[in-house]
K.L.:
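Input: one structure, supplied below.
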Protein chains: 2
Amino acid sequence: MTGIRRLAQHLDISIGTVSRALNGRPDVNEETRRKVLEAAAELGYVPNQSGRSLRQGTTNIIGFMMQTGTEITGQGDTFFMSVFDGVQTVFARHHLDLVALLCSSEEDPDDYLRRVVARGFADGLILSATQRHDPRFEFLAKRKIPFVTLGRSLTDVGQPWLDLDFEGMAQTSIDRLVAKGHHRIAVTRPHDDINLGHLFVDQSARALAAHGLTLDPDLVFSSKPNEAGGYHVAQQLLAMKDRPTAILLVNETIAIGFYRGMSEAGLKPGRDIAIIGRQSPQSHFLSPSLTGFTLSRRDLGIALAEALLATMPAFSHFYPDAELRKVWSEDLVEGESDAFSLPA
Amino acid sequence: MTGIRRLAQHLDISIGTVSRALNGRPDVNEETRRKVLEAAAELGYVPNQSGRSLRQGTTNIIGFMMQTGTEITGQGDTFFMSVFDGVQTVFARHHLDLVALLCSSEEDPDDYLRRVVARGFADGLILSATQRHDPRFEFLAKRKIPFVTLGRSLTDVGQPWLDLDFEGMAQTSIDRLVAKGHHRIAVTRPHDDINLGHLFVDQSARALAAHGLTLDPDLVFSSKPNEAGGYHVAQQLLAMKDRPTAILLVNETIAIGFYRGMSEAGLKPGRDIAIIGRQSPQSHFLSPSLTGFTLSRRDLGIALAEALLATMPAFSHFYPDAELRKVWSEDLVEGESDAFSLPA
DNA sequence: CATAGTTCCGTAAACGTTTACGGTGGCCGA
DNA sequence: TCGGCCACCGTAAACGTTTACGGAACTATG
């Protein structure tokens, strides 16, 4: 005699009533519910997840899919850890278990997702490292699996997304640098069609245009989003005959490599080139200090979780007015890396 | 009509035979097995995991528990990502699904583990960030849940573990530095009772003793395993009147902070102080280059997976002679950070 | 030919839940 | 008194598998 049956026998009531009591159904006497909960705690009863999954066709698991190994994510990965943390706190309130599904570098993300879904692993999914054209979207939409993405994509199937505010960052940065007298300004963009990084480039161009300036195509650098990428950009940029006086480093981690590249060339950020980047735990140890955007990753995770739950029928009533699609603004923290200004 | 029943009906055989065919049981005609597999592929049938879990009492899931948010892990987290990758490749061969269980900074790891286990989440677990005295060990042992740990602990319940070769690193480092004429050598250790970091300190002392030297207690620095920790160590160390001429930075990421601390004081690694640390993707961007130990994280993950499977009855025959307890040696990559030597 | 053994397959129970359905008893109003 | 309603509870089916058991057909052995 195990599980709920044991509990029922111990209380001398039927298993149906026990189940109803535990699941908060209305049609059970409050007095008996009290007894059931008490006995459950006493006997240390916890419902068997396989049993309820089988019956309800639901797993109570949400998967957060990330890529490992490959340098696509690049974020130094503490980024995702923090976001995950925020997501977790929301789901915990609903007794949903959050697990990280790390797609190995050896496996195709699409195949991996297919396996996960075929196995009926999760009730909902969070996708990161979205691609410009991402087949996963349609796949999930066709199977009616609720999901939300961290990052935009051109493949829109109506799912909720959250993303960084590329446009806002570009606008703010350009305005700031132009005000300091710069007119040859370089920007970086993701090397592949990850996310909608091109929005950053586009908006930079528009912002420059508003000041009567143009974005030189030679000053758009494609970079892997890691230290090596930034280092490589520095090498390319410093080899130019007519090198820019300022640069926007849109990714979190590339500033570290860029600094290294500059110092090897005997140059100093903020003195020889103005830099605006993004803050990260690692960037705090750069010298001179980095001027860059900062982001509450945890809040981002919370918003991500709420957006997902808002689309799941069983939970949507908890979040009637969640923002389903939202760019996440970042604050600019001023450092010394963009101190370099040109005479008017 | 769904699932295996549909498949059976389509083939006009019994569901029992279908199940046996799919699960590779011997008592089924090879010809029918072929047909079943064919039809399964055609109809896109995949067994319902809840059903088999309920019946077999097994989930086919292995959980890799990590801590998030808190600075305990510190490894810049790419460390775990890489290890995870290695684990994954092994499990994939056995159709085991690996998920990452990230314990939030807000939750007690013991409570978190309790929840995971109560839910019957996984067939086996990998624990990281082991503590000097770790209650999780006995908890799992009592429930007879197979697990392996990445890191040693004084709480030994006979489970397999893999760990870094603290003794080897200490011995190699001390010998090397002493050969360069250093006799005031500092070492770092984890700030809390994480892992068995004290082994590093102990072995350093023994190695020094073998050279007729002693380890000054004032030169043992306790450090959080992240950039800030290294920075703090630098500040303490540089403020000393009789400061050491060399230091061992046992953690992967603290060198970055230590470098920063030195440069702020106008000092240069490898010129004013000899440093031996540990390599990481980030440390490649340090200048001067770091002399440090390097580790095949992926291989470590593979060994970890094999050690776990070796203790699980259903898989142990695949790994008859897996090494269950092993320190993982690292190679020393020579850089410029320990160039500083003293005249004999 | 009788017997034993082997190979293959069908039957049905079991895993632990949830939930539709129906039933009992009490209360209330007509 | 009766019918109806309500609050509560028990019964049993269902979810999709796996597997112990037994049986049928066939082969080998004497």
Side-chain angles (χ1 to χ4, degrees), chain A residues 1-37 39-40 43-61 95-97 117-123 313-314, chain B residues 1-37 39-40 43-61 95-97 117-123 313-314:
Chain A
M1 193 63 57
T2 74
I4 203 175
R5 223 169 298 267
R6 187 162 111 80
L7 194 55
Q9 186 175 12
H10 180 255
L11 288 165
D12 199 31
I13 59 180
S14 78
I15 61 171
T17 303
V18 173
S19 176
R20 277 188 294 261
L22 292 172
N23 291 26
R25 287 288 145 89
D27 55 345
V28 48
N29 189 306
E30 281 307 323
E31 171 63 12
T32 51
R33 188 195 306 279
R34 194 188 54 71
K35 282 197 219 152
V36 170
L37 292 176
L43 300 192
Y45 167 78
V46 309
N48 178 297
Q49 183 58 37
S50 302
R52 37 174 27 196
S53 289
L54 181 56
R55 174 62 216 241
Q56 311 196 110
T58 200
T59 65
N60 274 346
I61 298 177
H95 300 286
L96 286 169
D97 286 321
V117 169
R119 220 154 148 333
F121 208 101
D123 292 345
Chain B
M1 191 68 56
T2 77
I4 202 174
R5 223 170 297 266
R6 188 162 110 81
L7 194 54
Q9 186 173 12
H10 179 255
L11 289 165
D12 197 33
I13 58 179
S14 79
I15 62 171
T17 304
V18 174
S19 175
R20 277 188 295 260
L22 292 171
N23 290 26
R25 286 288 145 87
D27 54 346
V28 47
N29 189 304
E30 280 307 322
E31 170 63 13
T32 52
R33 187 196 305 280
R34 193 188 54 72
K35 283 197 219 152
V36 169
L37 291 176
L43 300 191
Y45 167 79
V46 308
N48 178 297
Q49 184 57 36
S50 302
R52 34 174 30 197
S53 289
L54 180 58
R55 173 62 216 241
Q56 309 196 115
T58 201
T59 64
N60 275 344
I61 297 176
H95 300 286
L96 286 169
D97 286 321
V117 169
R119 219 155 148 331
F121 208 102
D123 292 345

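A, B, ... follow the sequence lines: proteins, then strands. Residue 1 opens every chain. Computed over heavy atoms, backbone and side chain alike; hydrogens, waters and symmetry mates excluded.
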K.L.:
Please find the pair of heavy atoms, one from Arg119(B) and one from Asn60(A), that lie closest to each other, and give the distance.
P.N.:
NH2-CB, 3.4 Å
K.L.:
Please give me the minimum heavy-atom distance between Ile4(B) and Ile15(B), naming the atom from each residue.
P.N.:
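Nearest heavy atoms, Ile4(B) then Ile15(B): CD1-O, 3.8 Å.
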K.L.:
Base, sugar-phosphate alone, or nothing: which one does Thr2(A) contact when heavy atoms must sit under 4.0 Å apart?
P.N.:
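Sugar-phosphate: the residue Thr2(A), judged by heavy atoms under 4.0 Å, touches backbone atoms but no base.
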K.L.:
Could you check how far CD of Gln9(A) sits from P of dG10(D), rounded to whole Å?
P.N.:
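Distance, rounded to whole Å: 14 Å.
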K.L.:
Arg33(A) has an atom CZ; how far is it from atom P of dA7(D), in whole Å?
P.N.:
14 Å
K.L.:
Quick check: do Asp97(A) and Thr59(A) have side-chain heavy atoms less than 4.5 Å from each other?
P.N.:
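No, every pair of side-chain atoms sits at 4.5 Å or beyond.
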K.L.:
To the nearest 0.5 Å, what is the distance between CZ (Arg52(A)) and OG (Ser19(A))?
P.N.:
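Interatomic distance, Arg52(A) CZ to Ser19(A) OG, rounded to 0.5 Å: 7.5 Å.
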K.L.:
Distance check needed: dG10(D) P versus Arg25(A) CZ, whole Å only.
P.N.:
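The distance from CZ of Arg25(A) to P of dG10(D) comes to 17 Å, rounded to the nearest Å.
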K.L.:
When we call it a touch if two heavy atoms are under 4.0 Å apart, what does Gly16(A) touch: a base, just sugar-phosphate, or nothing?
P.N.:
base
K.L.:
Which two nucleotides bound the region of DNA chain C that has atoms under 4.0 Å from heavy atoms of chain A, read 5' to 3'?
P.N.:
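Boundary nucleotides touching chain A, in 5' to 3' order, are dG16(C) to dA20(C).
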K.L.:
Under 4.0 Å, heavy atoms only, any strand: does Ser50(A) hit a base, just the sugar-phosphate, or nothing?
P.N.:
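No contact at all - Ser50(A) keeps every heavy atom at 4.0 Å or more from the nucleic acid.
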K.L.:
Starting from the 5' end of DNA chain C, give me the residue, Pro26(B) or Arg20(A), whose nearest nucleotide shows up first.
P.N.:
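Nearest nucleotide further toward 5': that of Pro26(B).
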K.L.:
On DNA chain C, compare the nucleotides closest to Pro47(A) and Thr32(B); which residue's is nearer the 5' end?
P.N.:
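Its nearest nucleotide lies further toward 5', so the answer is Thr32(B).
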K.L.:
Going by atom types alone, do Ser14(B) and Thr17(B) pair a side-chain donor with an acceptor below 3.5 Å?
P.N.:
yes
K.L.:
To check you understand the geometry: which heavy-atom pair defines the closest contact between Ala21(A) and Arg33(A), and what is its length?
P.N.:
O-NH1, 3.0 Å
K.L.:
Let me know, please, whether Leu22(B) or Ser14(A) comes out on the 5' side of the other along DNA chain D by nearest nucleotide.
P.N.:
Ser14(A)
